[in-house]
Participant: 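Questions regarding the structure given below will be posed in turn.
Remember, it's 1-based here, ligands and their atoms both numbered in the order they're listed.
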Amino acid sequence: MTKCYSLCCVVLLIFILASPSCASKPNVTKLVNEVCAKTSNYTFCVESLYSDPHASESDTYGLAIVAFRLAYRNATSTKDYITELLKKASSSSHMLLQKCLTDYEKAISAIETAYNDLNSESFSALADYAGDASRGALDCQATLKGYNNSLLHFMNNAVKGLCQICLVISKLFKGS
Ligand SMILES: *[C@@H]1O[C@H](CO)[C@@H](O)[C@H](O)[C@H]1NC(C)=O
Ligand SMILES: *[C@@H]1O[C@H](CO)[C@@H](O)[C@H](O)[C@H]1NC(C)=O
Ligand SMILES: *[C@@H]1O[C@H](CO)[C@@H](O)[C@H](O)[C@H]1NC(C)=O
Ligand SMILES: *[C@@H]1O[C@H](CO)[C@@H](O)[C@H](O)[C@H]1NC(C)=O
């Protein structure tokens, strides 16, 4: 009887130890693995793509939709946050934020165009638009050096990462 209990305990313990690592490591498809290996942060890439339940059953086209949608959503909420910050900004940070806002407007417009292209299955300029969007986040990051707001830095970094994922996926369409 006690033997059985201790065996049960061991089995239970194994389950408890094993399950968190299972939960944090989604069953990455070959495509997601291939894409994320080409980005600068594999973990961020996998976590971001798998935040959308469609990622696991997507082909390249589906994954591109997932990635551009994520980039669009996060760029839009970052832009909204910058707009909020602008309302109460001191004159010294006003210029920086205004510059970032312009960068984000360009980035979002590029992502929108890419998304429309995807919807009409026109792939030739996708990588260019993803590149434009990435540049927006990079420019904003450079502008914000010395501006003390860790949330904005975090959000901008995420948009930069998401745009990089878009860029990697877009390049898979080259020549198709
Ligand atoms: C993970 O993916 C592999 C290969 O696609 C598949 O054989 C396996 O059943 C999957 N496992 C889970 C838990 O979904
Ligand atoms: C990569 O992304 C993960 C998850 O978002 C994050 O915790 C980690 O700090 C990132 N690593 C680098 C080097 O940016
Ligand atoms: C991207 O935006 C979503 C909400 O739109 C949010 O849940 C998620 O945390 C954001 N990702 C990052 C890395 O900021
Ligand atoms: C940055 O902001 C935080 C909280 O808003 C503050 O505690 C910190 O001293 C600031 N750092 C600098 C270098 O201004």
Side-chain angles (χ1 to χ4, degrees), residues 15-85 93 96-97 99-112 114-115 118 126-174:
F15 260 99
I16 290 166
L17 290 177
S19 52
S21 60
C22 285
S24 62
K25 262 191 217 149
N27 199 359
V28 172
T29 63
K30 200 164 154 256
L31 177 60
V32 169
N33 186 52
E34 181 195 328
V35 166
C36 290
K38 288 184 192 154
T39 67
S40 53
N41 188 333
Y42 181 86
T43 311
F44 173 84
C45 175
V46 170
E47 282 176 2
S48 299
L49 289 175
Y50 276 90
S51 72
D52 188 311
H54 297 109
S56 56
E57 52 201 57
S58 291
D59 55 6
T60 306
Y61 181 77
L63 206 61
I65 297 270
V66 166
F68 276 101
R69 196 163 46 206
L70 280 172
Y72 179 78
R73 229 184 270 150
N74 286 52
T76 307
S77 50
T78 306
K79 184 194 143 204
D80 291 346
Y81 184 52
I82 296 172
T83 307
E84 279 308 303
L85 290 173
S93 50
L96 302 182
L97 291 170
K99 164 84 173 53
C100 267
L101 191 64
T102 310
D103 292 335
Y104 264 85
E105 279 160 359
K106 282 187 205 154
I108 289 168
S109 150
I111 297 170
E112 275 171 346
Y115 200 76
L118 268 176
L126 273 188
D128 291 339
Y129 295 128
D132 288 347
S134 291
R135 210 163 307 116
L138 275 173
D139 287 350
C140 177
Q141 188 179 41
T143 302
L144 287 179
K145 271 205 180 118
Y147 178 70
N148 184 15
N149 180 322
S150 56
L151 177 60
L152 183 53
H153 285 272
F154 174 82
M155 290 173 89
N156 184 62
N157 212 34
V159 173
K160 198 181 75 177
L162 293 171
C163 289
Q164 191 191 30
I165 298 171
C166 292
L167 189 56
V168 169
I169 298 176
S170 297
K171 285 179 180 163
L172 299 179
F173 290 103
K174 273 255 165 88

Participant: What is the distance from atom CG of Leu172 to atom NZ of Lys38, rounded to the nearest 0.5 Å?
Facilitator: 5.5 Å
Participant: Tabulate below the donor-acceptor pairs under 3.5 Å that side-chain atoms of residues 129-137 make, not counting sequence neighbours, or state none.
Facilitator:
unit_1: Asp132; atom_1: OD1; unit_2: Arg135; atom_2: NH1; d: 3.1
unit_1: Ser134; atom_1: OG; unit_2: Ala130; atom_2: O; d: 3.1

Participant: Give me the atom names and distance for the closest heavy-atom approach of Tyr42 to Ala37.
Facilitator: CD1-N, 3.7 Å
Participant: Can you tell if the side chain of Met155 reaches within under 4.5 Å of the side chain of Asn74, non-hydrogen atoms only?
Facilitator: no
Participant: For the pair Thr143 (side chain) and Asp139 (backbone), establish whether a donor and an acceptor sit closer than 3.5 Å, ignoring hydrogens and angles.
Facilitator: yes
Participant: What closest approach, in Å, do Cys163 and Ile111 show between heavy atoms, and which atom pair accounts for it?
Facilitator: SG-CD1, 4.5 Å
Participant: For ligand 2, list the protein residues that place a heavy atom within a distance below 4.0 Å of one of its atoms, sorted by chain and number.
Facilitator: Asn41, Phe44, Glu47
